[in-house]
S.K.: 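The structure under discussion is supplied below as C-alpha cells; questions concerning it will follow.
Below, each value reflects all heavy atoms present in this structure, side chains not excepted, and no hydrogens, waters or symmetry copies. Below, chain A is the first sequence line, B the second, and so on; all start at residue 1.
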Amino acid sequence: MNYNFRKIEDKWQKYWAKNETFKAENQSEKPKFYALSMFPYPSGAGLHVGHPLGYIACDIYARYKRHKGYNVLHPMGYDSFGLPAEQYAIQTGQHPAITTDTNIKRYREQLDQLGFSFDWSREVRTSDPKYYKWTQWVFIQLFHSWYNNRTDKAESIDTLVSVFEKQGNVKVDATCDDDTPMFTAEEWKGYSSTKQQNILLKYRLTYLADAEVNWCPALGTVLANDEIVNGVSERGGHPVIRKKMTQWMMRITAYAQRLLDGLNTIDWPQPLKDSQTNWIGRSEGASATFDVLPNSNVEVLKKTEGEDISRTSMSHKIEVFTTRPDTIFGVSFMTLAPEHELVQKITTPEQRAEVEAYVEATAKRSERDRMADVKTISGVFTGAYAEHPFTKEPIPIWIGDYVLASYGTGAVMAVPCGDQRDYDFAKHFKIDIPNIFEGVDISKEAFADKVNTIVANSDFLNGLNYREATRKVIDELEKMGHGKGKINYRLRDAVFSRQRYWGEPFPVYYNAEGVPQIIDEEHLPLELPEVEKYLPTETGEPPLGNATHWAWNTNTYEVVANSLIDNKTIFPLEMNTMPGWAGSSQYFNRYMDPHNDKTIYSPEAINYWQDVDLYIGGSEHATGHLLYSRFWQKFLFDRGIAPKEEFAKKLINQGMITGTSAFVYKDLTSNKIYSKGLIDNKDVNPIHADVSLINSSDELDIEGFKKWRPDLAEAEFILEEGKYVVGREIEKMSKSKYNVVNPDQICEEYGADSLRLYEMFLGPLEQSKPWNTAGITGVHGFLKKLWKLYLNIGDSEPTPENLKTLHKTIKKVEEDIENFSFNTSVSTFMICVNELTAQKCTCKAILKPLAVLVSSYAPHIAEELWELMGHTESIANANFPEFDATHLVERTKEYPISFNGRMRFKMQLPADMGKADIEAAVMAHEQTTKYLEGRTPKKVIVVPGRIVNIVG
RNA sequence: GCCGAAGUGGCGGAAUUGGUAGACGCGCUGGAUUCAAAAUCCAGUGGUAGCAAUACCGUGUGGGUUCGAUUCCCACCUUCGGUACCA
C-alpha cells in the first residue's frame, strides 16, 4: 500500500470540516490558548508560497497546544477593505464587494487545501457590515472620550463637561489641541451649543483638524507617501502638491508614553520594539521662548494685520524645543522652518523678496527631495533678531529647510559648537561659532558628546556638567517664565480619513452649523451606499459624494436621498471613509465572540480569552497595524471594554519568502537574446522570464517563452552549448516579477503535508529566505518512509534502542516547538524515522506517540496512521507524549576516576565507551582542571571525546 | 548617516550555558536493483597533500580573552531589512 497523499488529505480535510474538530468553545475546564495569524488582504493574485509560512508555524503551535491539553482558539478571517479592489472597480465598474467575495472564495479554497486547524465558524471580514458596525462603534467611543493626564487614562466626555460646568477648563490637564482657549464655568455656560461642541472637539480622542496631505489635482485624490515617486504620482506621473484638508484624526499622541512603557511588558521581537520606540521618538529637554526684538517690521505688521498695534503687544515670541538646554549660551542664531507662521510676520522689508523666494522654492520641493538632499546647505536671513533670554544679546533669525515644521515647534535655537547641522549652517553662512565647552577643540566639527560635557563661557553654568547645567537652566527659565522642562515626542496624531469608497463609512453627519454629530449606536451599522462611479466627484469630493442617497434623517434614523437635505431634520453625511487599519485594530478581540450583534463582544467571552497568547505576522506592520492596535487596545482597556492593556503577549515575525526571478538578456540594438554566459560587455536589457518556463538547471523553454511573450517571438536566441541559460536574482515574490510560486501546484504534486514540512524545513522562521523547490523531494521522501514504518505495525515490546530514539525525539521536538525552531525538528523527525527503520521497529508503543509528535507538522498523514492503529477519534485531541529521561541515560555509567595522586571525582561515561575514549576524556579533563582553579569537581559528564558538563 | 539582523561546504541550513564544526536535506560521485528508466536501497562527499593510515588548513577580515572560540570582547569589511535632516 503506497502513500496516497491526495486521497488521505482530501479525506481528512472533509472529516475536520464535517466534525468541526477545531471549533473552540468559550468555556472549558482546560486552560485557554489563543493562537493568531495576521489575517490576509484577499488580493486577486491568490496565495503564494510566502503567505502560508506564518500560518503553518502558527498552526503547528496551535495543534501542539491542543495536544498539551489547552482549549485553543485559532481563528482566521479577511482584512477585506482595501485599495486594489477599489482600483479594480474604477477600471471595470465591478463593485468592490463582488471582487472581494470572489477573491475570498479563492483564498478559502487554497487555505483549506493546506490543512489548517482554523475554527472557521468564527471567520470575520472587515468589509462585512455586521463586522464594521463594531469598527464604527469603537470610533463612537473614541469620539465620546477625552484623555485625562491627571488619571493618565481616557475618560468619558461627560466627566469633562461636568468639570467645565463647575470650574471651566483652567484646572483641566488634558491632551488636547494646542489652541484650546481658557474659560471659566460661567463663560462655558454662556457659550452657544455650537461653540461648546467645537471646544469639546478639541478634547475628543478622535477629532477634526486641518492636516496636510499629498493632493494630486489630476487624479483628484489624496496619495500616500508610497504612491508618490520622485515628486509625481506613481500612477500617471502627475504632479503632487501639499494641501490642507479637514480630516478626522486619532489622538494617539495621548498614549505616547504608555505605548512606550507597554513595550516592556510584552514578549515581542526586539527589532520590532526598537522600531516602535524610534517611531514614538521620545526626547527629553526643555522648551524655551525667545522674544523677537522690535525693529523696522512694525510697518509690516500694521500692513499684514490691518490693525494699529502698540509696541508692547507687537513683539512676537519664538518657542523652541531643545534636548540640550545646557548649551543655551552657545546660541548664535535661530532657524525657523520655512513654513513657520512667524516667518511672514518678522521678515524685514529688505529681506522680504529673498525670504519669499526661498519659502516658495522649499514648498515646491517634495518631502522626499528635501530629505534625500542632506548635503546641500541652504537658508536665508529674515532680517529680524531675537533676544537671548539670559545675555539679552540680539540673535539673528534665519530660515532653513533643515528645520522641519512638523517636528517640535518648527524652530530651533542653533548651537553651532554642539550640533553638527547648526555647525555646518554657521560655517556656510559665516555665522559666529562661540565655544562653550571646556577643553574641546571645535575648529573642525561640532562637539555633540553630552556625557563628557563641561560647560564654559556660560555665566552661571560654568564648570557644570550636562546634567547639572540642564537642571539649572530649566530652573532659571521657569523662574523667568521663559520656558520649562519638556518631553517631546516624534509621534504625531494619526490621520483617520481617506478619500476612498471601499472603507468603513464614518457614523457622522453634519448639522446646519457644520458641527459633526454622531449617529446613535443603536442605528449602526451605517452601510456603504451604492455609487455610480468610484472616482472622486468633479467638485473634488470623495467617491461617496457620488452617492445619491447619503443624507441622514434624524427623525427616522435612516439614510435618505441627498436631495431631501433640509437643514432641520435631514443632514449630509460624512463622505470620507476610514483607513485600512481601522478594521484590523480590534479584530483579534472580535474573534472571541464574532456573531454577537448586541455588543462588540460579551464580557464573558473577553474575560475568558483575555488576550492573544501568540501572534504571528510580518514585520512590515511594525509602525502601522501593530502600533494602532496597541493604541486602540489601551483605549478599550481605559474604558473598561477590554480586560488587558496589551492585546498580544507574544509576537513572532515570520521572515519573507523571496522569489528567484529569471532573466533573459535582449541586445539593445538588435533582435538577439543572449544566453547568460555570452553577455560579457554587450549592452543588454534584462527582461523577466516567468519562472515556470525555467527548468532546474536554469535552462529556458524557448518555445514556451515565445508563446508567453508573442512580442519577442521573432527574436533570435543565441545559445551556449546548445542551451539558453537564464540569469537569476533574488527578489521579493511578486506578480510583476513573474517569480510567484503558488502552493496549489506543490500540493498537487507532493501534497499539503510535504508543503507544510518543507516550508518549515527551509530555514529559521524569522529569517527571510529564497523559495526553491529543489529540496522538497527530501521531506516528501521522509513522509513516504514514515508511511512504510506503519505498514507492519504490531504489539511487540519496544527495545531500549527504540525507546531511546523516541524519547530523544520527544525532547527535541518539544524544545523546538517551544522555541519556534520548526526547521530543526523536521530534521529530528527524519533522523527518528531513519533510526526506527534501521531498528526494524514495528511496535505500537513507539509508533503511537510518534504519530502524535508528527501530527502538528503533517496532520493529514498523522490522522490516517492514527486511524490505521485503530483509533476512532481524531488525533488532534490526543495527548502529547511524556518525555522520560531515563531512556536516554540508561546506557551511561559512573566511573570513579583518580589521577595526579590526589584528584578524585566521578565521570559519567557511556557504557560502551572504549578504553582509549576514557583516557582521552581524562586528558581533556586534566586540562580543564586549570580552569577550575584547582578545585576538584564532583562529577564530570562525558560523551566520547567530549566533556559535556562539570558538576561541582 | 542612524537603528536592527546576519556573514559557516556546490546549495538551504545544524551546532544546549564556550567543549569532536558542517547534523538533516538538496545536489554530486560510485554501486545494487532494472531490458531500460522512474522509484527504492547501500556507500562516499569542507579544502590541500597522500595508495593509505594520517597530517595540515578551515565558520567574512585583523586582533584579544581562554586549556579550548562559529559562540565572548575590540576594530574593520560585506549583505539584507527598517528609518530618514528629530533640534
S.K.: When we call it a touch if two heavy atoms are under 4.0 Å apart, what does Asn834(A) touch: a base, just sugar-phosphate, or nothing?
M.R.: sugar-phosphate
S.K.: If the P atom of rA5(B) is compared with that of rA55(B), how far apart are they to the nearest Å?
M.R.: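 Their P atoms lie roughly 40 Å apart.
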S.K.: Give the rounded distance in Å between these two atoms: OH of Tyr758(A) and P of rC24(B).
M.R.: 18 Å
S.K.: Between Tyr489(A) and Lys785(A), who's closer to the 5' end of RNA chain B by nearest nucleotide?
M.R.: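 Nearer the 5' end of the strand: Lys785(A).
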S.K.: Output yes when at least one side-chain N/O atom of Gln767(A) is less than 4.0 Å from OP1 or OP2 of rG81(B), else no.
M.R.: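 No.
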S.K.: Rounding to the closest angstrom, what is the interatomic distance between rU70(B) and rG13(B) at atom C1'?
M.R.: 14 Å
S.K.: Regarding Ser619(A), tell me which of base, sugar-phosphate or nothing describes its non-hydrogen contacts under 4.0 Å with the strands shown.
M.R.: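 Result for Ser619(A) = nothing.
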S.K.: Measure from NZ on Lys812(A) to P on rC24(B) and round the result to the nearest Å.
M.R.: 13 Å
S.K.: Could you tell me whether Phe429(A) and Phe333(A) have their ring centroids closer than 6.0 angstrom?
M.R.: no
S.K.: Report the distance from atom CD of Gln276(A) to atom P of rU83(B), rounded to the nearest whole Å.
M.R.: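 Answer to the nearest Å: 13 Å.
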S.K.: Scan Asp422(A) against the nucleic acid and name what it touches under 4.0 Å (heavy atoms): base, sugar-phosphate only, or nothing.
M.R.: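 Nothing, no heavy atom under 4.0 Å.
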S.K.: Rounded to the nearest Å, what distance is computed from the CG atom of residue Asp274(A) to the C1' atom of nucleotide rC2(B)?
M.R.: 12 Å
S.K.: Between C1' on rA23(B) and CE on Met830(A), what's the gap in Å once rounded to a whole number?
M.R.: 12 Å
S.K.: Assuming nearest nucleotide by heavy-atom distance, tell me which of Ser275(A) and Asn488(A) is located more 5' along RNA chain B.
M.R.: Ser275(A)
S.K.: Does the gap between the ring centers of Tyr758(A) and Trp771(A) come in under 6.0 Å?
M.R.: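 When the ring centroids of Tyr758(A) and Trp771(A) are compared, they turn out to be within the sub-6.0 Å range.
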S.K.: What is the separation between atom OH on Tyr3(A) and atom P on rU40(B), rounded to the nearest whole Å?
M.R.: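 The answer, rounded to whole Å, is 14 Å.
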S.K.: In whole Å, I'd like the distance from the CG atom of Leu263(A) to the C1' atom of rG4(B).
M.R.: 15 Å
S.K.: Flag the pair Lys317(A) and Glu319(A) as a salt bridge only when some basic side-chain nitrogen lies within less than 4.0 angstrom of an acidic carboxylate oxygen.
M.R.: no
S.K.: Roughly how many Å is it from CH2 in Trp279(A) to C1' in rC86(B), rounded to a whole number?
M.R.: 13 Å
S.K.: For rC28(B) versus rA39(B), give the span between their P atoms, rounded off to a whole number of Å.
M.R.: 11 Å
S.K.: Is the shortest side-chain N/O distance from Arg421(A) to OP1 or OP2 of rC86(B) below 4.0 Å?
M.R.: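 It does, given that an N or O in the side chain of Arg421(A) lies less than 4.0 Å from OP1 or OP2 of rC86(B).
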